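Remarks on the structure that follows.
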2 protein chains.
Amino acid sequence: MTFDEIDHRLLDTLQRDASRTLQALGEDVGLSASAVQRRINRYRSAGVLARHVAVLEARRTADIVLAVVLVTLERESSGHHDAFAQRLLAVPEVQQAYDVSGDWDYVVVLATIGMARHSELAQHLFKDAPNVKRYTTMFVLDPLRTGTYLPTR
Amino acid sequence: MTFDEIDHRLLDTLQRDASRTLQALGEDVGLSASAVQRRINRYRSAGVLARHVAVLEARRTADIVLAVVLVTLERESSGHHDAFAQRLLAVPEVQQAYDVSGDWDYVVVLATIGMARHSELAQHLFKDAPNVKRYTTMFVLDPLRTGTYLPTR
DNA sequence: GGGGGCACGCAATAATCTTGCGTCCGAAGG
DNA sequence: CCTTCGGACGCAAGATTATTGCGTGCCCCC
């Protein structure tokens, strides 16, 4: 799939505010509402546009504890990695999980309500996991920016 | 603001898929469409619900390079921290930025198109920055999960 | 026992989305 | 150089969805 200037502008806008009407989007980029809609449908069917979600304000949600956890596994076999990934993905509070290169194998962002729940999850995901060699937790003092924005050019 | 069972279910659903109709949401939680809408408006005006966004599929967007960067500043004065934060937030490719506790001061997630752009940004944000003491980059091999989901209970 | 506030459902209205149709433009081929 | 084809567009009608006014019921507090 190839993007023109209008596609870039649309995708940019949609990633920032997907609640605008098709007509408003159209006025921004110089298209009719129906043309905008057809483009959006194209993004969808091409798999570029995955979904629409509501974003909560972490600061306004009671007692949210955000933490970034770095993890190294004991053994590098892909079976062990899969098992660990499965364990992570089964937990909704695992907000983000990345398989990374470098000194650590995984970066995990945990979003929990209250420190007690955080500890409980850390226990389950990292202490009790059979193949976690080492992990370190960095608690988020201030979420300067959160989001899923991806550039398209 | 205090949440009941229905609020939790609604906020959960909206964070996963905000494109459902008010009627569909209402059927899920046992409310009419208008009652659902009024609740959503309440979340908005309480500041709990920040915005609606479209989420792109990183795997389907050409040449996306995701990287997690850990940063420590030279000096701890709040002026230096603010300056660094400003510099981060001015860059759209800074997808996420967290001020954290522990061995590092900041965790930054960079989303760029192509390695060249990544290097350029790393240069600007970390090498050229006046008060960055040390930083390390972990490239994302596989984004197992991305998102902004926050639990509400 | 009697307000008062708040959330609800229903129904009418308003806004937005969706789709059929005719047109235009550019690329490919005669 | 002309013709044809495919793709994207705008417009407008129709369908769906969101919004809002109104009346009712519930619960808390007086």
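The structure displayed is predicted, hence computed values, not measured ones. Values below: every heavy atom of this structure, side chains too, minus hydrogens, waters and symmetry copies. Here is the naming used below: chain letters follow the sequence lines, and residue numbers restart at 1 for every chain.
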Worksheet item: Y149(B): which other cluster members, linking ILVMFWY side chains closer than 4.5 Å, directly or transitively?
Response: none
Practice prompt. Tell me, please, which residues at least two apart from T21(B) pass side-chain contact (heavy atoms from CB on, under 4.5 Å).
Written response: Q23(B), A24(B)
Discussion item. Rounded to whole Å, how long is the line connecting atom CG of L25(A) with atom P of dT16(C)?
Written reply: 12 Å
Worksheet item: What side chain to side chain donor-acceptor pair (under 3.5 Å) pairs are there with at least one residue in residues 45-56 of chain B, not counting sequence neighbours?
Response: none
Worksheet item: Tell me: CZ of R42(A) to C1' of dA8(D), nearest whole Å?
Response: 6 Å
Item to complete: Would you list the pairs meeting salt bridge (charged side-chain N to carboxylate O under 4.0 Å, His left out) in which at least one residue belongs to residues 25-36 of chain B, sequence neighbours left out?
Response: R20(B)-D28(B)
Discussion item. Applying salt bridge (charged side-chain N to carboxylate O under 4.0 Å, His left out) as the test, list every pair that has at least one member in residues 3-15 of chain A; sequence neighbours left out.
Written reply: D4(A)-R39(A), E5(A)-R9(A), E5(A)-R153(A), D7(A)-R39(A), D12(A)-R16(A)
Worksheet entry | Ring centroid separation F84(B) to Y106(B) under 6.0 Å | yes
Discussion item. I need the CG-C1' distance between D4(B) and dA7(C), as an integer number of Å.
Written reply: 11 Å
Item to complete: Write out all pairs satisfying ring pair (Phe, Tyr, Trp, His ring centres under 6.0 Å) with one or both partners inside residues 8-34 of chain A, taking only residues at least two apart or from two chains.
Response: F3(A)-H8(A)
Practice prompt. First locate atom OH of Y43(A), then atom CE of M1(A), and finally report the distance between them rounded to the nearest 0.5 Å.
Written response: 6.0 Å
Worksheet item: Which salt bridge (charged side-chain N to carboxylate O under 4.0 Å, His left out) pairs, counting each pair once, include a residue from residues 140-152 of chain B, with sequence neighbours left out?
Response: R59(B)-D142(B)
Extract all donor-acceptor atom pairs below 3.5 Å that involve side chains of residues 60-70 of chain B and protein atoms in other chains or at least two apart in sequence.
from	atom 1	to	atom 2	distance (Å)
R60(B)	NH1	A46(A)	O	2.8
T61(B)	OG1	E57(B)	O	3.0

Worksheet, complete the sentence: Note: contacts of residues 8-21 of chain A with DNA chain C (heavy atom, under 4.0 Å) are T21(A)
Worksheet, complete the sentence: Computed from five pairs at either end and rounded to 10 degrees, the angle between the axes of the helix from dG1(C)-dC30(D) to dG30(C)-dC1(D) is 30°
Discussion item. Distance check needed: dA15(C) P versus Q23(A) CD, whole Å only.
Written reply: 11 Å
Worksheet item: Which residue pairs pass the salt bridge (charged side-chain N to carboxylate O under 4.0 Å, His left out) test when at least one of the two sits in residues 90-108 of chain B, sequence neighbours left out?
Response: E93(B)-R117(B)
Discussion item. If I take atom CG in residue D7(A) and atom C1' in nucleotide dG7(D), what distance separates them, rounded to the nearest angstrom?
Written reply: 14 Å
Discussion item. Does the protein touch nucleotides 18-27 of chain C at the base, only the backbone, or not at all? Give it as B, S and - per nucleotide, heavy atoms under 4.0 Å.
Written reply: BBBB------
Item to complete: For dC8(C), take OP1 and OP2 only and decide whether either is under 4.0 Å from a side-chain N or O of R39(B).
Response: yes
Worksheet, complete the sentence: I40(B) CD1 to dT17(D) C1', in whole Å, measures 13 Å
